[in-house]
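One-based numbering, in listed order, for ligands and for the atoms of each.
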Amino acid sequence: MKIILPDNVKFIINKLQDAGFEAYAVGGCVRDVLLGKTPNDWDITTDASPYDVKPLFRRTIDTGIKHGTVTVMLNDEEHGYTGYEVTTYRIDGEYEDSRHPKEVIYTKDLKEDLKRRDFTINAMAYNDRTGLVDVFDGKKDLEKGIIRAVGDPVERFTEDALRILRAYRFAAQLGFSIDDDTVKAASLLKDNLRNISAERIQTEFTKLICSPHPEILFDMYSSGITSVILPELDLCMQTEQKNKHHLYNVGEHTIRAMMVNARYSEVEFDADTLRYIRYALLFHDFGKPEAMTEDENGARHFKGHAIVSDRIAREIMRRLKLDNDTINTVTALVKWHDHRPEPTKTNIRRAMNRIGESVYRLLFPIRVADTLAQSMYHREEKLAYEKEVMRLYTEIVSEKDPVSLKDLAVTGADLIEHGYRPGPEIGEKLKELLEIVLEDPKCNTKEYLLSKI
Ligand code: ATP
Ligand code: MG
């Protein structure tokens with residue numbers, strides 16, 4: 001079994017071996033290479049202690065020196081400085097509170113280090129001298145597509161409950177299933193997730209919903225995981241819609257909308273955009289249980305749900321300690337997801353102005369995914385509407401129609417020159433002029449606008 005290691009990784013391993021130590025590439029990078037993927041980062045494990053590692057390299061950072069990790073910084077022409085985490089073989093002592101190992105014990109035995117890792121597919125090591133070290137049959141599980149805890153899953157999830165969420169995260173990223181005993185243990189110990197910090201949960205949860213298989217949320221609902229980390233989804237799963245637009249309950253519709261985005265999106269989004277879209281799809285209807293009314297025919301309506309969803313989305317994202325950019329963008333998308341004015345250029349320019357251009361364009365993939373996760377009722381009409389709005393929007397952008405104050409042909413200074421006193425009335429007047437050009441971009445000339453003041 002031969003793996004091609006990057007030159008920098010080879011360099012670090014050789015350097016440690018030349019100094020008389022063992023060293024291997026380990027964990028996620030070995031898994032990714034065996035899957036034919038490019039690893040995000042390369043981690044190295046060694047029997048050398050941090051104090052033996054540091055003098056061997058010119059630049060190191062004490063990333064987690066108490067836990068045996070130093071980052072070796074290497075320069076290469078292509079990427080500039082890149083960091084490689086080099087961690088001493090260790091046994092994680094007992095975990096105090098589903099969070100922190102009480103103590104970290106170094107060991108000289110690679111097997112002991114692999115034993116502390118979460119899943120068999122993440123517990124393989126490799127170097128050119130020894131080849132693949134795979135004591136827990138991780139390679140076989142990779143081939144079968146199975147996430148399986150290393151050793152006894154109940155013990156492993158008791159030591160660190162975050163592993164429960166990691167199991168679902170890897171299943172969602174890789175399209176794998178989770179081994180039965182591992183699922184049983186996850187379900188049994190799900191409440192320990194309450195002891196895990198919001199930051200750790202959020203990191204895994206974000207990766208999970210941005211993955212190719214957000215449908216993993218169905219499994220997390222059935223095993224009770226969402227009842228602990230996202231009870232709002234459980235409520236949606238228990239809310240039937242009972243109207244002709246919908247086939248599924250609110251929760252199932254939500255997950256299906258995310259799946260549509262994962263499967264059929266024609267564009268590949270950058271990581272930030274993908275995070276905005278997936279979180280917005282997750283939350284877009286979370287206000288429905290609260291906004292629900294039932295008419296005399298037993299049909300259900302959810303008037304004003306987008307505003308309630310906006311509030312709930314903000315609460316959840318604060319709880320998950322998401323950053324402000326994500327919170328603001330996602331809540332804007334949630335708030336406007338159901339806004340469908342008559343498709344005229346004026347209406348679209350107004351919406352672009354009110355919502356902000358960068359957020360506005362993300363509403364297209366959201367509305368399309370939303371529509372495709374509904375019933376067939378009026379589907380053709382709904383999609384035709386999207387197409388028409390997109391066509392008009394594209395024209396507006398290519399013709400560079402003015403849609404915000406910064407596009408206006410006059411500025412505050414122009415108004416002052418024409419007798420306005422500095423102060424709030426200038427802002428008011430500029431907004432008024434903007435309304436004129438939103439309606440008719442041809443009016444956006446200095447001459448015309450100054451004639452209006
Ligand atoms: P990614 O590609 O997303 O970075 P990864 O497998 O590298 O995936 P990391 O969180 O970077 O995941 O962790 C690196 C390695 O450390 C894992 O492959 C695993 O062996 C081990 N590991 C990480 N977190 C845990 C944990 N909570 N419990 C046990 N082992 C863990
Ligand atoms: Mg990693």
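Using a cutoff of 4.0 Å between basic side-chain nitrogens and carboxylate oxygens, D62 and K54 are scored as salt-bridged. Between K335 and D310, no side-chain nitrogen of the basic residue sits less than 4.0 Å from a carboxylate oxygen of the acidic one, so the salt-bridge criterion is not met. A salt bridge links R340 to D338: at least one charged side-chain nitrogen sits closer than 4.0 Å to a carboxylate oxygen.
Taking a 4.0 Å cut-off on heavy atoms, D160 registers as neighbouring ligand 1. Taking a 4.0 Å cut-off on heavy atoms, R169 registers as neighbouring ligand 1.
Here D118 has heavy atoms under 4.0 Å from ligand 1 in both its backbone and its side chain. Counting heavy atoms under 4.0 Å from ligand 1, residue N40 touches it through the side chain alone.
Considering L193, L162, L189, L188 as possible partners of F157, the one that fulfils the side-chain contact (heavy atoms from CB on, under 4.5 Å) test is L189.
By the 3.5 Å distance cut-off applied to N or O atoms, Q173 is not counted among the residues near ligand 1. The shortest N or O to N or O distance between R166 and ligand 1 is below 3.5 Å. Note: no N/O pair closer than 3.5 Å links D43 and ligand 1 by distance alone. Close N/O approach between F170 and ligand 1 is not found [any backbone or side-chain N/O within under 3.5 Å].
Each of the following atoms of ligand 1 lies closer than 4.0 Å to a heavy atom of G27: 18 (O). Annotation for ligand 1: atoms under 4.0 Å from non-hydrogen atoms of K207 are 3 (O).
Among protein heavy atoms, the minimum distance from atom 6 (O) of ligand 1 is reached at R31 NH1, 2.7 Å. The closest protein non-hydrogen atom to atom 26 (C) of ligand 1 is R163 NE, 3.7 Å. Here the heavy atom of the protein found nearest to atom 20 (O) of ligand 1 is N122 O, 2.9 Å. When hydrogens are left out, the protein atom nearest atom 18 (O) of ligand 1 is G28 N, 3.1 Å; that is the closest non-hydrogen contact. Ranking protein heavy atoms by distance to atom 21 (C) of ligand 1, first place goes to R117 NH1, 3.7 Å.
Contact check for S309 versus H284: no side-chain heavy atoms found under the 4.5 Å cut-off. You'll find the side chain of R354 stays beyond 4.5 Å of the side chain of H339, heavy atoms only.
With hydrogens and angles ignored, the 3.5 Å screen pairs no side-chain donor or acceptor of R349 with any backbone N or O of I396. Counting only distance, with no hydrogens or angles, the side chain of T331 and the backbone of N328 share a donor-acceptor pair below 3.5 Å.
Here the two rings, on H337 and H305, have centers that are under 6.0 Å apart.
When distances from atom 11 (O) of ligand 1 to the protein are checked, no heavy atom turns up under 4.0 Å.
With no hydrogens or angles considered, a side-chain donor-acceptor pair links T130 and Y24 at under 3.5 Å.
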